[in-house]
Protein chains: 2
Amino acid sequence: MVRIKKPPEVRSNELLDCAQRLFFTRGYESTTVNDIIREAGVSKGAFYHYFPSKEALLETLAVRLSRENLKQIQPHFDNPSINAIGRLNALFAGSRRLKVELAPQLRNTFNVLFKPENVVLFHRINEALTAVVQPLLANILKQGHAEGSLDASDPQAFALMLLELRLSVGKVMHQALKQAEAGDIDGAVTMLDDWMLTYGIALDRILKLPEGTLQVAEPGFARAFLTSE
Amino acid sequence: MVRIKKPPEVRSNELLDCAQRLFFTRGYESTTVNDIIREAGVSKGAFYHYFPSKEALLETLAVRLSRENLKQIQPHFDNPSINAIGRLNALFAGSRRLKVELAPQLRNTFNVLFKPENVVLFHRINEALTAVVQPLLANILKQGHAEGSLDASDPQAFALMLLELRLSVGKVMHQALKQAEAGDIDGAVTMLDDWMLTYGIALDRILKLPEGTLQVAEPGFARAFLTSE
DNA sequence: ATTTATATAGACTGACGGTCGGTCTGATGC
DNA sequence: GCATCAGACCGACCGTCAGTCTATATAAAT
């Protein structure tokens with residue numbers, strides 16, 4: 001094979017790109033290192049020059065993804081001028097906008113990440129994201145606690161719990177997706193809407209807020225997410 | 001090798017036993033099928049006579065474990081004579097008793113299950129357990145909602161969320177264990193106690209109960225769990 | 001120009017999950 | 001007592017895959 005040399009950063013990013021594309025279509029386990037290097041047009045030696053193992057590549061990828069994700073929602077995290085409730089709602093609104101905009105992609109992502117054979121992929125990404133988001137979320141909660149606008153005596157703990165709760169919504173989104181794909185779109189929409197409602201209620205209660213304070217979803221969100229092309 | 005024949009149920013249970021022991025000491029990925037059959041004194045053929053794959057064995061094991069676990073806490077689930085709050089507290093008390101009794105074993109289990117290389121093992125077991133426990137928990141919540149003693153408009157959703165929350169405690173227990181093993185026992189005890197407190201608060205709030213109604217831990221629980229031999 | 005460090009190639013290895021052809025045993029029917 | 005059969009059990013073998021190793025091309029440094 002011809003020997004092509006590229007700046008190291010370009011190469012490793014190319015590898016990450018290919019890996020990401022493959023992981024998110026075929027899944028982590030069933031994507032082989034050979035698949036990745038074939039796709040990237042690179043030799044085994046080059047691959048292992050950049051990453052000590054397939055796992056390490058996954059780790060790097062997870063970090064990259066969570067960094068990218070953070071960049072998108074960062075604005076809502078560091079705006080201490082508005083109060084904590086406002087920041088939380090801005091956060092929800094922002095991620096909602098993102099979700100609807102990228103719905104088709106995101107649906108696919110969800111479908112992949114929640115497949116049982118992709119637990120490893122899911123877990124790594126979620127862990128990286130949690131590591132990045134938890135302290136920021138805790139910060140907002142701390143601000144709110146100081147302001148007296150919400151009640152999170154142990155911000156770190158509450159932050160982790162909120163993130164954990166989010167997973168249950170993820171699970172249900174996945175379930176709804178399957179149901180929608182099976183044809184029962186209305187049933188799926190109703191289910192997801194109900195859950196988002198319950199999710200919002202749970203969050204309000206955890207932070208001792210009047211019900212309806214945190215807006216995690218808006219009417220029509222479920223349908224928009226499940227059906228938009 | 002000498003050919004020894006045993007009733008199918010005995011054999012498959014032996015295989016499950018060995019697999020369980022190995023998975024919980026070395027981890028899932030790093031236990032090979034050859035390890036299992038060596039330990040069980042059985043041939044490859046026999047193994048694949050009973051289980052179509054290593055994964056299928058894990059699945060069966062997860063189901064077995066969740067069934068066993070359920071048997072231990074079953075009594076607290078089906079006693080509709082007392083009210084829902086009482087049942088929930090009985091459930092917590094029961095699982096607490098179990099935790100302290102089996103602390104050393106359980107510590108080991110936690111340490112294994114939360115290792116990043118054991119996500120698959122963890123996920124399968126947790127999923128099987130959730131599938132079994134969620135409906136029962138939802139039942140209690142429904143009863144409580146009907147009684148008016150707690151507020152869980154969507155029992156299924158709340159049940160899943162409670163189970164999800166439980167995981168955050170699991171994560172922290174693991175963290176505390178590591179800290180304790182590193183020598184900082186007092187720090188670990190304090191951390192875990194704080195989290196259990198916060199956990200209890202979160203549960204109370206989610207179900208709209210006065211703070212302190214649900215007793216997820218008692219003073220000294222963290223120390224007992226972390227230090228008992 | 002020569003050395004050194006870095007980047008790339010790709011054949012090769014070892015381990016592992018899984019398969020396959022076959023054997024052994026005990027039960028059933030005659 | 002013998003033939004037949006199912007299914008428990010054996011273990012050599014296979015294909016795949018992550019990871020290693022040696023060789024070499026290229027750029028940078030001396």
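On a predicted model such as this, the values are computed, not experimentally measured, just so you know. Just so it is clear, the values below take in all heavy atoms, side chains as well, and ignore hydrogens, waters and symmetry mates. So that the names make sense, note that chain A is the first sequence line, chain B the second, and so on, each numbered from 1.
Summarising the geometry, the separation between NE2 on H49(A) and P on dA25(D) is reported as 17 Å, rounded to the nearest angstrom. The distance from atom CZ of R38(B) to atom C1' of dG11(D) is 15 Å, rounded to the nearest whole Å. Atom-to-atom, OH of Y50(A) to P of dA18(D) comes out at 20 Å; the value is rounded to the nearest Å. Put simply, CD1 on I37(A) is 15 Å from C1' on dA7(C), counting in whole angstrom units.
Under the side chain to side chain contact (heavy atoms under 4.5 Å, CB included) criterion, V120(A) pairs with Y28(A), E29(A), L58(A), V119(B), V120(B), not counting sequence neighbours.
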>> Does the protein touch nucleotides 14-21 of chain C at the base, only the backbone, or not at all? Give it as B, S and - per nucleotide, heavy atoms under 4.0 Å.
In response: --SBBB--
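Identified under the side chain to side chain donor-acceptor pair (under 3.5 Å) test for residues 161-172 of chain B, with sequence neighbours left out: E164(A)-K171(B), K171(A)-E164(B). Listed by first then second residue, pairs satisfying side chain to side chain donor-acceptor pair (under 3.5 Å) with a partner in residues 99-117 of chain A read N111(A)-E181(A), not counting sequence neighbours. Pairs passing the ring-ring contact (aromatic ring centres under 6.0 Å, His included) check and including a residue from residues 170-196 of chain A, sequence neighbours excluded, read F114(A)-H174(A). Evaluation of the side chain to side chain donor-acceptor pair (under 3.5 Å) test over residues 124-134 of chain B, restricted to residues two or more places apart or in two chains, returns E55(B)-R124(B), E59(B)-R124(B).
One finds the CG atom of L165(A) at 11.0 Å from the CZ atom of F158(A) (value rounded to the nearest 0.5 Å).
Of the side-chain N and O atoms in S43(A), one or more sit less than 4.0 angstrom from OP1 or OP2 of dA9(C). Contact annotation: R11(B) side-chain N/O to dC9(D) OP1/OP2 distance is under 4.0 Å.
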